[in-house]
Protein chains: 2
Amino acid sequence: MSEKPIGITVKKKENFSEWFTQVLIKADLIDQRYNVQGFIVHKPWAMRIIKQIYKLFEEELEKTGHEPVLFPLVIPEENFEKEKEHVEGFKPEVFWVTEAGEEKLERRLALRPTSETAFYQMYSLWINSWRDLPLKLYQSVSVYRYEKNTRPFIRGREFLWIEAHNAFKNHDEVLKQIREDMENTTKIVWEQLAIPFLFLRRPKWDKFAGAVDTYAADTLMPDGRVLQISSTHDLGQNFSKAFEVTYVDKEGERHYVWQTCYGPGIWRIVAALISIHGDDKGLVLPFSVAPIQVIIIPIYYDESEKQVVMKKCEEIYEFLRKKKIRVKIDTREKTPGWKFNDWELKGVPIRIEIGKKEVQQGYITIYRRDLRKRQKVDADLEKIYSFIIKLAEDMLETLKKKSKEYFESHIVFAKNKNEIMDALKRRCLIKMPFCGEEGCAMDMKEKTDGLKVRGTSIDGEDKVENLKCAWCNKPAKKIVYVAKAY
Amino acid sequence: MSEKPIGITVKKKENFSEWFTQVLIKADLIDQRYNVQGFIVHKPWAMRIIKQIYKLFEEELEKTGHEPVLFPLVIPEENFEKEKEHVEGFKPEVFWVTEAGEEKLERRLALRPTSETAFYQMYSLWINSWRDLPLKLYQSVSVYRYEKNTRPFIRGREFLWIEAHNAFKNHDEVLKQIREDMENTTKIVWEQLAIPFLFLRRPKWDKFAGAVDTYAADTLMPDGRVLQISSTHDLGQNFSKAFEVTYVDKEGERHYVWQTCYGPGIWRIVAALISIHGDDKGLVLPFSVAPIQVIIIPIYYDESEKQVVMKKCEEIYEFLRKKKIRVKIDTREKTPGWKFNDWELKGVPIRIEIGKKEVQQGYITIYRRDLRKRQKVDADLEKIYSFIIKLAEDMLETLKKKSKEYFESHIVFAKNKNEIMDALKRRCLIKMPFCGEEGCAMDMKEKTDGLKVRGTSIDGEDKVENLKCAWCNKPAKKIVYVAKAY
């Protein structure tokens with residue numbers, strides 16, 4: 001609470017990594033000083049943003065027929081062993097509970113790294129007839145993975161997500177569900193949070209452990225690395241065979257069900273929100289998920305001014321609060337300038353400034369965080385309200401326009417190694433012809449210190465006739481997206 | 001999905017334990033067949049009730065100045081060691097994570113059984129000046145305890161609650177906070193969920209481990225046992241001394257903070273909700289937390305009837321949905337009678353029945369779950385809506401009246417052992433004069449197979465002049481409440 005300078009001391013463009021760390025601390029989102037490595041404390045400002053994002057996803061999932069459940073945190077080791085690829089993929093990352101009270105447990109219990117092997121044993125009990133399908137359930141939980149390198153909101157030993165686990169009669173329904181998952185992601189992540197991304201079909205060597213196909217949304221971070229913020233998996237019948245999840249069709253025949261699982265990475269969406277919209281003054285939050293949407297700053301220099309100003313502040317506060325705006329008056333004993341900086345750091349979309357002059361002349365000053373611009377507005381309550389609603393829409397459009405322009409201008413086509421290396425320098429997501437060989441992908445990764453084939457576009461294959469692989473120069477089989485990744 | 005009888009086959013009054021188990025399964029609340037003992041699967045109907053209850057508490061907590069946080073699931077063993085009573089109380093119940101991937105961890109990590117020892121080490125970092133106080137934070141999480149005997153919603157190895165952890169400048173503020181916690185509990189558990197309870201100050205041998213004083217809400221279950229559904233603890237300076245949580249006052253002097261923690265037991269509130277309001281037909285849910293508040297059942301016998309009836313159902317559905325009522329049309333291929341039973345089992349407060357006759361004569365039939373009564377209502381949309389809103393209020397009042405009558409008539413005053421034993425038989429909560437000695441309480445517990453001193457009333461001490469302890473006949477020092485407990 002001291003009066004030390006509270007702003008961010010590096011530029012996002014010049015040192016993104018340090019900028020990100022400073023925003024986490026200075027916008028009071030998290031505390032990394034908890035005494036277990038890779039586990040962080042989520043402070044109120046982060047939790048309130050996270051709760052808003054959960055709400056958006058849960059509403060959308062329920063609209064599309066999903067229902068909430070809660071499965072146990074712990075999964076017996078034997079469950080993991082049932083799907084071969086899955087256990088190979090996840091076992092190195094699992095935390096194990098082995099003792100309780102004074103006793104050693106008879107078998108190890110995993111902290112859920114993901115919950116396929118918890119859900120699907122129950123699906124085998126719950127699903128019997130075609131009437132029980134589709135089954136569409138989700139849970140909003142933390143998951144646990146023993147990651148070596150952790151970064152808040154990007155990679156953690158404990159992180160927040162939603163996992164939806166669906167079962168269907170056939171593979172067509174699986175493909176439809178994957179479309180739906182992608183549309184739900186778009187409706188929230190793009191349309192409401194203004195985060196642009198590409199949904200890509202991952203190469204076979206980079207699938208979810210146990211899946212037939214993985215489709216994942218990559219956004220582009222300011223340092224040129226992509227961040228997977230959501231993924232949905234065509235599990236085929238891999239898990240239904242491992243867990244004996246079957247149904248009897250109308251003709252009385254028994255079949256294994258077809259499955260999908262979908263995981264919006266709530267944590268990573270927060271990371272993208274911070275990184276893509278933030279600026280050198282701090283966070284820039286979309287109106288829809290801002291814990292405080294409108295902050296009112298009273299400005300006065302003596303007690304008589306204070307009374308006049310506070311009266312007007314409270315009048316506006318009460319009116320907006322009744323209109324369901326998340327609004328607050330900042331009454332702390334700090335200078336207006338300090339408060340301006342503090343709420344800019346925290347990304348509050350709209351600030352109302354009210355001083356003696358405003359009250360006397362019948363207007364208020366409204367400041368929009370995204371463009372950092374002030375505007376005078378007539379101090380009529382209804383007018384203030386409609387101004388705010390219109391401004392909120394305009395701010396979302398402005399965020400979208402800006403983030404889309406950046407995203408699209410940073411996807412470049414590369415025909416050869418030189419162009420790849422050049423695009424890398426310019427922090428771009430690379431689109432290139434590719435031979436399709438895992439060996440070539442691994443060679444590229446090694447020689448570029450991490451450049452990875454992220455996958456192919458979902459909507460129609462790009463033409464590759466007469467093109468050569470931009471890395472190995474052999475005939476190209478597909479167009480792929482390539483980037484370094486978090 | 002077979003047409004087997006779906007109702008409950010025992011009477012709540014005659015065999016409460018079996019009735020409770022049947023409701024859990026037949027109302028489709030949970031599944032106990034998950035393959036780790038003491039861990040259950042929460043199915044959609046339970047999760048949707050639970051989410052509503054969480055919402056009520058979170059709103060109330062935020063109104064009274066608490067903010068949401070999320071602390072790590074795991075707590076290092078060394079944190080527990082810091083408060084002597086706390087570690088003695090909780091260590092026998094802790095699940096330990098000891099391995100991760102292929103590695104053995106350097107030290108054991110506890111799954112949080114409660115989070116004092118996670119929160120307060122951070123409080124020592126966050127609190128420095130009187131300006132940082134009060135600090136009022138809460139988290140909505142699962143906690144983990146290695147319980148021997150488990151029962152869904154009553155005692156589990158994984159259970160859902162909220163924990164609020166507050167820090168203050170002095171003990172007066174602590175006592176005010178405890179009042180606020182009790183009021184918040186009342187506002188929700190009594191006023192909105194119609195569950196009666198008594199807040200009692202626990203005897204010193206039954207405090208929360210590490211607390212100076214424990215105040216807890218006991219409700220009375222139909223079998224005569226009490227259930228603690230919420231508790232708030234005066235921690236004094238016990239933890240602030242253990243974790244070095246100090247502040248500097250306006251005069252520049254440093255002090256240890258004074259603390260409280262408050263734990264509304266979401267799981268147990270669900271147990272009380274089921275048990276107190278439920279009847280031989282199943283659950284009876286208060287309108288405020290029912291996942292479906294109004295279920296519409298179309299009744300038709302051929303395709304032409306179906307069209308007419310469904311049109312009316314959809315009209316009403318759309319209207320109510322826009323009014324933010326949680327409403328659903330049951331279009332399953334089942335008989336109306338089967339659907340009636342199913343939604344009664346699930347406790348849906350209001351059922352609308354619409355058949356050909358209703359459509360032709362311009363009315364609908366409304367059925368209220370609590371009194372199991374039908375009523376005709378004019379099929380005008382606005383009229384239906386106001387009828388439902390009024391009915392919802394009336395149902396809440398009816399539930400309150402009924403539960404309060406039962407509760408109050410089952411608190412009896414006992415002057416001696418005979419009266420105690422008699423009250424026990426009548427499934428009552430016993431009020432009695434007590435000598436105040438732990439030894440006497442233990443003797444009573446042993447000889448009655450579990451009768452426990454639950455504590456004293458909060459609001460003023462009852463007079464004990466000239467009274468003798470109802471158990472040992474020595475001079476009484478206080479009036480206590482006594483019951484067997486879950």
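A, B, ... follow the sequence lines: proteins, then strands. Residue 1 opens every chain.
Both the backbone and the side chain of Lys43(B) have a heavy atom closer than 4.5 Å to some heavy atom of chain A. In this structure, the portion of Leu111(B) lying under 4.5 Å from any heavy atom of chain A is its side chain and not its backbone. For Phe119(A), no part sits under 4.5 Å from any heavy atom of chain B, backbone or side chain. In this structure, the portions of Ala118(B) lying under 4.5 Å from any heavy atom of chain A include both its backbone and its side chain. Of the two parts of Trp45(B), neither the backbone nor the side chain holds a non-hydrogen atom closer than 4.5 Å to a non-hydrogen atom of chain A. Only the side chain of Arg108(B) comes within less than 4.5 Å of a heavy atom of chain A; its backbone N, CA, C and O stay farther away. Neither the backbone nor the side chain of Gln139(B) comes within less than 4.5 Å of any heavy atom of chain A. Interface remark: Ile30(A) contributes no atoms to any contact with chain B (heavy atom separation under 4.5 Å). In this structure, chain B has heavy atoms under 4.5 Å from both the backbone and the side chain of Pro68(A). Only the side chain of Arg107(B) comes within contact range of chain A, with at least one heavy atom under 4.5 Å from a heavy atom of that chain. Only the side chain of Tyr138(B) comes within less than 4.5 Å of a heavy atom of chain A; its backbone N, CA, C and O stay farther away. For Asn79(B), the part lying near chain A is the side chain, with the backbone staying farther off; criterion is any non-hydrogen pair under 4.5 Å. Of the two parts of Phe90(B), neither the backbone nor the side chain holds a non-hydrogen atom closer than 4.5 Å to a non-hydrogen atom of chain A. Val94(B) touches chain A through its backbone: at least one of N, CA, C or O sits under 4.5 Å from a heavy atom, while the side chain does not.
By number of non-hydrogen pairs under 4.5 angstrom with chain B, the leading residue of Lys91(A), Glu93(A), Gln121(A) is Gln121(A). Ranked by heavy-atom pairs shorter than 4.5 Å toward chain B, the options Val41(A), Asn35(A), Val36(A) are led by Asn35(A). In terms of heavy-atom pairs under 4.5 angstrom with chain A, the leader among Val69(B), Val97(B), Leu70(B) is Leu70(B). Of the listed residues (Ile75(A), Leu125(A), Leu137(A)), the one with the most heavy-atom contacts under 4.5 Å to chain B is Leu125(A).
Remark: the backbone N or O of Thr98(B) is not paired with any side-chain donor or acceptor of Glu99(A) at under 3.5 angstrom.
The OG atom of Ser140(A) sits 8.0 Å away from atom CE of Met47(B), with the distance rounded to the nearest 0.5 Å. Expressed to the nearest 0.5 Å, how far CG of Leu73(B) lies from CD of Glu158(A) amounts to 5.5 Å. Residue Arg48(B) holds its CZ atom at 6.0 Å from CD of Glu62(A), rounded to the nearest 0.5 Å.
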(request) Let me see the working for Trp126(B) and Asp31(A) under side-chain contact (heavy atoms from CB on, under 4.5 Å), right down to the final yes or no. (result) CA-CA 10 Å; Trp126(B) 295 342; Asp31(A) 200 313; 2.8 Å; yes
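The two atoms that bring Gly101(B) and Tyr146(A) nearest to each other are N-CD2, 4.1 Å, heavy atoms only. The two residues Tyr34(A) and Pro76(B) make their nearest non-hydrogen contact at OH-CD, 4.1 Å.
Using a cutoff of 4.0 Å between basic side-chain nitrogens and carboxylate oxygens, Glu58(B) and Lys55(A) are not scored as salt-bridged. In this structure, Lys148(B) pairs ionically with Glu103(A), as a charged nitrogen and a carboxylate oxygen lie closer than 4.0 Å. For the pair Glu333(A) and Arg131(B), the salt-bridge criterion is not met [side-chain N within less than 4.0 Å of a carboxylate O].
By the neighbour-count criterion of 12 heavy atoms within 6.0 Å, atom NZ of Lys328(B) is sparsely surrounded, having that number or fewer from other residues, nucleotides or ligands.
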